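Computed from a predicted model, the values in this text were never measured in an experiment. When a ligand or atom number is given, it counts from 1 through the structure's own listing order.
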Amino acid sequence: MTAAEALRARWDAVMMPTYGTPAVAIARGTGCRVWDADGVEYLDLIAGIAVSALGHGHPALVEAVGRQVATLAHSSNLFVHEPGIALAERLVGLLGGGGRVFFCNDGAEANEAALKIARRHGRTADPGGGRLGVVAAEDGFHGRTLGALSLTGTPAKREPFAPLPGPVTFVPYGDAAALRAAVTERTAAVFLEPTLGEGGVVPPPPGYLAAARAACDAAGALLVLDEVQSGIGRTGAWFAHQGEGVRPDVVTLAKGLGGGLPIGACVAFGAAGSLLTAGQHGSTFGGNPVACAAALAVLDTIERDGLLASVRAVGERLAAGLAGIDSPLVRGVRGSGLWRALVLTRPVAADLEAAARRAGVLVNAVRPDAVRVAPPLVLSAAEADRGVAALAAAAAELEGAATVGASSTVAEKGSS
Ligand SMILES: Cc1ncc(COP(=O)(O)O)c(C=O)c1O
């Protein structure tokens, strides 16, 4: 048994089976490369599900985290500290000002905070409880805790845990007319991703977010944009919604923010920023100094190294390369920046993910017919080319294999 096989066997024995048994036992990483426990090298084109923004072992992250652990690792919310305040100021500035921040530990918690803000908004507007509704998108994903799950537009993920908080109305993503029809004076908030992430990297039609803003304004509802996956440079803008010229009431963040350290943030603007009052929400670890120092290092590095421009340029090159893969299995490419889905003609994404691994590249079967590519934001043009070549080889291997058409269990289980 190899070292990686031994780790997988130990995982099998002790971990809850929520993820099945992951195929790779990762041991270490540098930049966009990782090695498994047997020393096998992979090009990391998934970055821990769109998280490791600076890649692995980035000196700025290592320095910031090491320095902060040595200075003050934890304080709880009983005390204020410089890294937390500096990060909040920085995020509010990047988001255009006028906001207040609640720090938490991941994306689901950020959406829980946003849902509680929505409840307070609804109860303030109608103390009788007539404005508690939320509108969210079919195939949208907002997390696994009960509140975040209640907003997640996949019945198979919700139903085992019913009843969930509500009422939540789900509308087809990208259909502005359906959204307008669903948002009424009983709606406290609309929750949307600027592009569906777990739904398969599906951008909406142009003007969709602006239509959502207008529908919320007309009905007096909050617009909550879940930028947990799309934010912090992933699309080549600091935040995906900025390209649409829309100002949300609430933005939720996590994933890339800490560059691999766990941190989430709920940022609310104007009156929404003061709806949760003293004692109404909290987190022991949220805004932990080490996680905040890591996030500041991520933001500094994105800025200093011009990574937003790089994400746009390398992302275009990556997309063109993926679209150029000459295979009957490839239908096309969706997404923006370094956040793409290779869309397949058949539901063989899990097979392609496995073939890509054999070709030395880590990607993720985000849907049965779509493979997600979400590498570190530091991906170079040469690494993008290498990834495309490996995926082309993987598609060619699959075309020749008798297993084409085998069902895509990993994709059906989902990844987050
Ligand atoms: C858009 C979006 N929101 C929320 C979440 C949940 O984040 P977490 O897994 O950190 O709780 C995810 C995770 O994939 C996500 O993509």
Side-chain angles (χ1 to χ4, degrees), residues 18-19 22 46-53 102-116 118 134 136-154 157-158 161 164 168 170 173-174 189-204 209 212 223-235 239-241 248 250-267 283 285-288 291 294-295 298 334-341 363-367 370 372-374 410-411 413-416:
T18 52
Y19 307 106
I46 195 60
I49 318 184
V51 166
S52 305
F102 177 82
F103 284 123
C104 50
N105 303 288
D106 63 16
E109 286 186 8
N111 286 321
E112 291 290 334
L115 190 54
K116 285 178 78 171
V134 172
E138 291 170 9
D139 290 327
F141 185 84
H142 299 286
R144 301 289 196 162
T145 52
L146 288 180
L149 188 61
S150 75
L151 311 168
T152 288
T154 312
K157 290 188 170 81
R158 287 197 313 274
F161 304 98
L164 293 168
V168 182
F170 291 98
Y173 186 74
V190 172
F191 276 70
L192 288 175
E193 297 164 82
T195 280
L196 294 181
E198 298 309 297
V201 194
V202 182
L209 296 184
L223 176 62
V224 182
L225 293 183
D226 179 341
E227 293 247 20
V228 165
Q229 193 160 157
S230 58
I232 317 296
R234 176 68 38 206
T235 64
F239 305 100
H241 72 266
V250 182
V251 173
T252 56
L253 302 169
K255 288 198 181 275
L257 177 58
L261 274 283
I263 182 166
C266 175
V267 188
S283 164
F285 290 110
N288 167 282
V298 168
R334 289 193 295 252
S336 54
L338 285 175
W339 196 30
R340 306 282 175 170
V363 291
N364 150 254
V366 65
R367 303 286 288 184
R372 173 170 45 184
V373 179
V410 171
K413 270 186 282 185
S415 52
S416 284

| request: Check each heavy atom of Glu193 against ligand 1 and say whether those closer than 4.0 Å belong to the side chain, the backbone, both or neither. | output: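 The answer is the side chain of Glu193.
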Under 4.0 Å from a heavy atom of [X]: give me the atoms of ligand 1 that qualify, with their elements.
| X | answer |
| --- | --- |
| Phe141 | 1 (C), 2 (C), 3 (N), 5 (C), 6 (C), 12 (C), 13 (C), 14 (O), 15 (C) |
| Asn111 | 3 (N), 4 (C) |
| Glu198 | 14 (O) |
| Val228 | 2 (C), 3 (N), 4 (C), 5 (C), 7 (O), 12 (C), 15 (C) |
| Asp226 | 1 (C), 2 (C), 3 (N), 4 (C) |

Any donor and acceptor pair, going by atom type alone, linking the side chain of [X] with main-chain N or O of [Y] inside 3.5 Å?
| X | Y | answer |
| --- | --- | --- |
| Glu227 | Ala240 | yes |
| Asn111 | His142 | yes |
| Arg340 | Gly335 | yes |
| Arg334 | Gly200 | yes |

| message | Tell me whether Lys255 reaches ligand 1 (any heavy atom closer than 4.0 angstrom to a ligand atom). | response |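 Yes.
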| task | Using non-hydrogen atoms of the residue, decide whether Ala108 is closer than 4.0 angstrom to ligand 1. | result |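 Within the 4.0 Å threshold, so yes.
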| message | Applying side-chain contact (heavy atoms from CB on, under 4.5 Å) to Ile49 and Lys255, what does each step give before you reach the verdict? | response | CA-CA 8 Å; Ile49 318 184; Lys255 288 198 181 275; 3.2 Å; yes
| query | Would a 4.5 Å heavy-atom cut-off, applied to side chains only, mark Phe141 and Thr154 as touching? | reply |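 Contact flag for Phe141/Thr154 side chains = no.
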